[in-house]
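Note that the structure is a prediction, hence the values are computed from the model and not measured.
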Amino acid sequence: MNTDQLQGKWKQMKGSVKERWGKLTDDDVDVINGQHEQLVGKIQEKYGIAKEEAQRQVDEWMRTSSRGSDLEQRRAS
């Protein structure tokens, strides 16, 4: 999943984001609104971690989320 896909699927992904990063509030998720850099920044802020670590976590989450949605699409076909 790339940044454009994240923005396009944000409403569907909100639950997954809150599940993965439980410290993010509904307001945080609304402010992020599918913006990759906003997500990284909020994770960095809420968890007190370096930007590089927050970026790594987001990249990993996006890879695993992408695999899950690819699998769902294949099943639906």
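- With sequence neighbours excluded, the residues satisfying side-chain hydrogen bond (donor to acceptor under 3.5 Å, both in side chains) with Lys46 are Asp28.
- Taking CD1 of Ile32 as the reference point, atom CG of Leu6 lies at 9.5 Å (rounded to 0.5 Å).
- Hydrophobic clustering of Ile, Leu, Val, Met, Phe, Trp and Tyr side chains at less than 4.5 Å, counting indirect connections, unites Tyr47 with Met62.
- Every side-chain hydrogen bond (donor to acceptor under 3.5 Å, both in side chains) that Gln55 has, sequence neighbours left out, goes to His36, Asp59.
- Annotation: side-chain hydrogen bond (donor to acceptor under 3.5 Å, both in side chains) contacts of Lys51 (sequence neighbours excluded): none.
- Between Glu52 and Arg56 there is no salt bridge, since no side-chain N of the basic residue sits under 4.0 Å from a carboxylate O of the acidic one.
- Under the side-chain contact (heavy atoms from CB on, under 4.5 Å) criterion, Glu45 pairs with Lys42, sequence neighbours left out.
- Hydrophobic clustering (ILVMFWY, side-chain heavy atoms < 4.5 Å, transitive): Ile49 and Leu24 are in one cluster.
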With a 3.5 Å cut-off and sequence neighbours excluded, list the donor-acceptor pairs that the side chains of residues 13-23 form with protein atoms.
unit_1 : atom_1 : unit_2 : atom_2 : d
Lys14  : NZ     : Asp30  : OD1    : 3.2
Ser16  : OG     : Trp61  : NE1    : 2.9
Lys18  : NZ     : Asp26  : OD1    : 2.3
Trp21  : NE1    : Gln57  : OE1    : 2.9

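- Smallest separation of non-hydrogen atoms from Asn33 and Trp10: CA-NE1, 3.4 Å.
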